[in-house]
Student: 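Let me give you the structure first, and then I'll get to my questions.
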Amino acid sequence: MATLARLQARSTFLVHQYYFRNSAVDVFRKKEYDAAVKIQSWFRGCQIRAYLRYLHRVATVIQKCWRGYLGRQHYQLIVKLEFCTMKMNLYNAMAVRIQKRWRGYRIRKYCFNYFYLKEYLKAVSETNDAIRYCYQGFAILDELCDHTAWRLKRKNTTLFPVYSMLNTSSHQMCGFSMPGNLRHQEALEEFAEMKEREEKKADLEREEKKRDYQARKMHYLLSTKQIPGIYNSPFRKDPDPWELRLQKAKPLISQRPKVKQKRDVNISNQLACTSARSLPQSEILPPIDRKQCQGPFRDITEVLEQRYKPLEPTLWMAEPINELKMAREELRKQEWMRNINDNMFLPFSSYHKNKKYIPLMHSSSKYGPNSYGSQHFRDENPKKWICDKDFQTVLPSFDLFSKYGKLYSKAGQII
Amino acid sequence: MSLLRPLLLDVVPTIQQTAALALGRLANYNGDLAEAVVKGDILPQLVYSLAEQNRFYKKAAAFVLRAVGKHSPQLAQAIVDCGALDTLVICLEDFDPGVKEAAAWALGYIARHNAELSQAVVDAGAVPLLVLCIQEPEIALKRIAASALSDISKHSPELAQTVVDVGAIAHLAQMILNPDSKLKRQVLSALSQIAKHSVDLAEMVVEAEIFPVVLTCLKDKDDYVKKNASTLIREIAKHTPELSQLIVNTGGVAAVTDCIGSCKGNIRLPGIMMLGYVAAHSENLAMAVIVSKAVPQLSVCLSEEPEDHIKAAAAWALGQIGRHTPEHARAVAVTNTLPVLLSLYMSTESSEDLQTKSKKAIKSILQKCTYLPALEPFLYDAPPNILKHVVGQFSKVLPYDSKARRLFVTSGGLKKVQEIKAGPGSLLQEYINSINSCYPEEIVRYYSPGYSDALLQRVDSYQPLAN
């Protein structure tokens with residue numbers, strides 16, 4: 001019982017202790033709980049991390065292998081490409097070398113040969129010198145032409161870039177001197193000789209003329225019968241050639257300057273010309289007293305009359321041939337000048353004649369009256385005509401009596 | 001006229017002949033008198049009696065026809081309409097050379113005017129007879145026949161072909177060697193009229209082996225022979241490069257150059273044109289022309305000739321020579337012709353033609369010229385459109401040549417270039433910039449205008465450091 005009392009006395013303390021201890025434990029409970037949780041979470045974390053590490057390692061290995069595989073493939077591709085490129089570059093470089101050499105060779109040999117050009121120009125200037133200075137020696141010139149042509153032919157090339165197609169041109173150019181060569185040379189030599197001869201002749205002639213002129217000036221030095229001249233010395237066997245020249249020479253007369261007479265344009269002279277008196281009128285001089293020549297000669301006055309008879313044209317000649325037409329034209333012009341009104345005066349009876357004339361069907365064509373049958377009646381050929389004018393209807397005059405009594409001869413005259 | 005006409009019908013033959021002679025002299029003097037002769041209906045009478053009378057009358061009648069036909073195409077047409085051609089052709093067959101000469105002369109004068117009249121003469125069958133006349137021994141007849149052939153063939157290629165078909169070229173070519181100078185004139189003129197129409201005809205003339213004989217004619221004493229010979233060579237050279245090559249190979253260029261040097265005035269003109277044509281075909285031919293020393297001769301022509309058309313031809317020829325490559329341009333520039341060309345272009349007295357040609361020549365030479373001493377004078381007095389090209393050439397040469405750069409500076413060229421005012425962005429400005437870029441900046445600034453003023457301004461505005 002005592003213990004009970006003691007326990008009952010301690011019961012409230014127990015309750016309080018019990019409550020206090022529970023609550024005190026509660027305080028720590030959270031803490032311990034948290035701690036336990038923490039430890040456990042940490043441990044679990046470690047576990048999981050280890051597991052993750054393991055997984056990482058495995059994944060890394062797989063990825064490593066796979067990437068290596070891919071990379072190696074890629075690398076092989078690159079290497080292949082590089083190799084191909086390197087090969088192509090090498091080929092290109094070699095091809096460039098070959099082409100370089102070939103192009104240079106081709107241009108130099110076939111298209112433009114610089115040295116050939118130089119030689120050609122030299123040949124041209126040599127030919128030019130030949131033309132310029134060897135005027136007499138045409139043969140040399142011809143040779144040089146040949147030489148140029150031969151040089152052109154020898155190269156067997158076409159000439160210049162522009163004419164690279166014209167292989168035949170060199171042949172054409174050589175052709176000019178080949179066939180007619182000899183003829184050329186001969187002709188040119190002949191020509192040179194002819195020229196020389198001409199020049200010599202001209203020189204000689206000039207000399208002759210000069211000597212002749214001198215001889216004419218010195219004609220007074222000619223020897224006479226009494227006095228021998230300078231060139232005819234008595235101590236000589238035969239006279240000097242100048243003597244003979246002097247004998248042949250005419251004395252030189254100083255020339256008076258010729259005054260050109262201007263024909264005076266006198267109107268009266270002109271009128272005299274156009275009149276009937278167109279032949280010279282000379283006054284008949286009084287005859288010298290001399291015997292009449294024997295024979296059936298006419299009287300001198302008659303002869304002189306006939307000789308100086310002025311022109312007496314017949315009427316036909318004197319007037320122009322179409323004078324009638326011209327006179328009509330003249331009259332017409334005068335009337336036209338005088339008339340006030342140009343219209344013809346029509347009679348009143350034709351005032352109402354205003355019907356149009358209908359021609360026959362036979363004489364008209366589709367487009368109007370046919371001109372054959374009314375305008376022309378013949379077949380004409382204009383190409384055969386000598387000139388394009390029609391015949392003039394002119395009545396010829398007959399000059400039966402125009403010369404009556406005017407003839408010189410006495411034939412047919414009534415004596 | 002009314003008095004002379006009836007005399008033609010006179011009984012006495014001497015009177016007829018004298019009347020015809022009188023008519024001929026009248027018609028010869030003046031065109032109006034010739035018209036009066038035609039209007040007087042004298043021609044049919046003459047033509048009719050030409051066929052029957054003796055040779056003196058024929059000569060006189062042919063003289064009348066010639067005298068009438070020479071004045072104008074209408075009068076010649078009147079003669080053709082009278083049917084004179086047939087009778088003249090019959091006269092060409094006569095024995096007497098005087099008659100043939102008169103008939104050939106008349107035909108030549110008729111054919112001279114235009115192509116239809118020439119065709120009428122050819123249709124009358126005159127050409128073979130003329131070629132026969134050429135072969136006769138009388139020189140006067142040969143001359144006249146050659147001149148008639150020349151007049152016929154000058155109008156058109158067909159007429160020239162007709163003349164060639166009869167075989168005229170061979171005979172004409174043989175007569176080049178004849179010493180008579182008037183004959184040579186006519187023969188060369190006939191050959192050049194034939195050769196001018198087409199390449200084939202020119203080749204046929206060349207095949208007759210006239211080269212190098214024609215070159216001797218270039219040295220003849222007679223001026224007109226020289227002129228006609230150089231005309232012939234020109235007509236041949238202008239067609240194709242091969243023909244020009246042929247002429248160069250035979251030394252034709254040197255002969256023509258000498259010929260140009262020895263005569264004056266219009267005689268020179270065909271020779272100058274021939275050089276231009278040869279040089280125009282290709283650069284190698286132009287080089288051959290240069291090698292033959294033609295350029296100094298041409299520049300002499302350019303400066304001393306008084307007439308504008310000859311100067312224009314010389315300028316054109318120089319332009320053709322110098323336009324191919326820098327070598328050619330240098331050869332032309334060295335002879336100091338460029339300032340002459342420039343002065344001709346700028347002078348107001350030169351004709352339009354001369355100005356255009358000299359401008360073209362300057363432009364074409366300048367575009368290839370790299371010879372700087374010749375270009376420098378241009379910087380000073382050229383007009384702006386030419387200055388552009390000059391500066392362009394400088395800008396092409398200076399970047400690569402140090403000596404030239406130095407020379408350019410010392411001769412004052414750089415200074416002049418700075419003074420040129422050019423619109424920004426224009427071609428001239430680009431060229432100026434490229435020239436400036438060849439030099440260090442200080443030098444460019446030194447020579448730019450107004451640099452001394454700029455320096456002085458800097459002096460004014462400079463504050464010395466206060467110690």
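Just so we're on the same page: letters track the sequence lines, and every chain starts at 1. Bear in mind that the values here come from a model prediction, so they are computed numbers and not experimental data.
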Student: Please tabulate, one pair per line, all N/O donor-acceptor pairs under 3.5 Å involving side-chain atoms of residues 37-50 of chain B, not counting sequence neighbours.
Tutor:
{"unit_1": "B/Asp41", "atom_1": "OD1", "unit_2": "A/Lys389", "atom_2": "NZ", "d": "3.4"}
{"unit_1": "B/Ser49", "atom_1": "OG", "unit_2": "B/Gln45", "atom_2": "O", "d": "2.8"}
{"unit_1": "B/Ser49", "atom_1": "OG", "unit_2": "B/Leu46", "atom_2": "O", "d": "3.2"}
{"unit_1": "B/Ser49", "atom_1": "OG", "unit_2": "B/Tyr57", "atom_2": "OH", "d": "3.1"}

Student: Can you name the closest pair of heavy atoms from A/Asn128 and B/Ser292 and give their distance?
Tutor: ND2-OG, 2.8 Å
Student: When rounded to the nearest 0.5 angstrom, what is the spacing between CG in A/Asp129 and NZ in B/Lys293?
Tutor: 5.5 Å
Student: Count the heavy atoms belonging to other residues, nucleotides or ligands that lie under 6.0 Å from CD1 of A/Ile386, then report whether that count exceeds 12.
Tutor: no
Student: Enter the distance from A/Lys118:NZ to B/Met287:CE here, rounded to the nearest 0.5 Å.
Tutor: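 A/Lys118 atom NZ to B/Met287 atom CE measures 7.0 Å (nearest 0.5 Å).
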Student: Minimum heavy-atom separation for A/Arg132 and B/Lys219, please, with both atom names.
Tutor: O-NZ, 3.6 Å
Student: Report the option among B/Cys82, B/Gly83, B/Ala78 that has the most heavy-atom pairs separated by less than 4.5 Å from atoms of chain A.
Tutor: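 Option with the top pair count is B/Cys82.
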Student: For A/Tyr114, what residues pass the ring-ring contact (aromatic ring centres under 6.0 Å, His included) criterion, not counting sequence neighbours?
Tutor: none
Student: To the nearest 0.5 Å, what is the distance between OH on A/Tyr120 and CG on B/Asn284?
Tutor: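 Result: 8.0 Å between the selected atoms.
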Student: If you count the non-hydrogen atoms of other residues, nucleotides and ligands that lie under 6.0 Å from CD in B/Gln119, is the total more than 12?
Tutor: yes
Student: Is there a side-chain contact between B/Val291 and A/Lys122 (heavy atoms, below 4.5 Å)?
Tutor: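 SC-SC contact between B/Val291 and A/Lys122 ruled out.
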Student: Can you give me the closest heavy-atom contact between B/Gly251 and A/Ile131, atom names plus distance?
Tutor: O-CG1, 3.9 Å
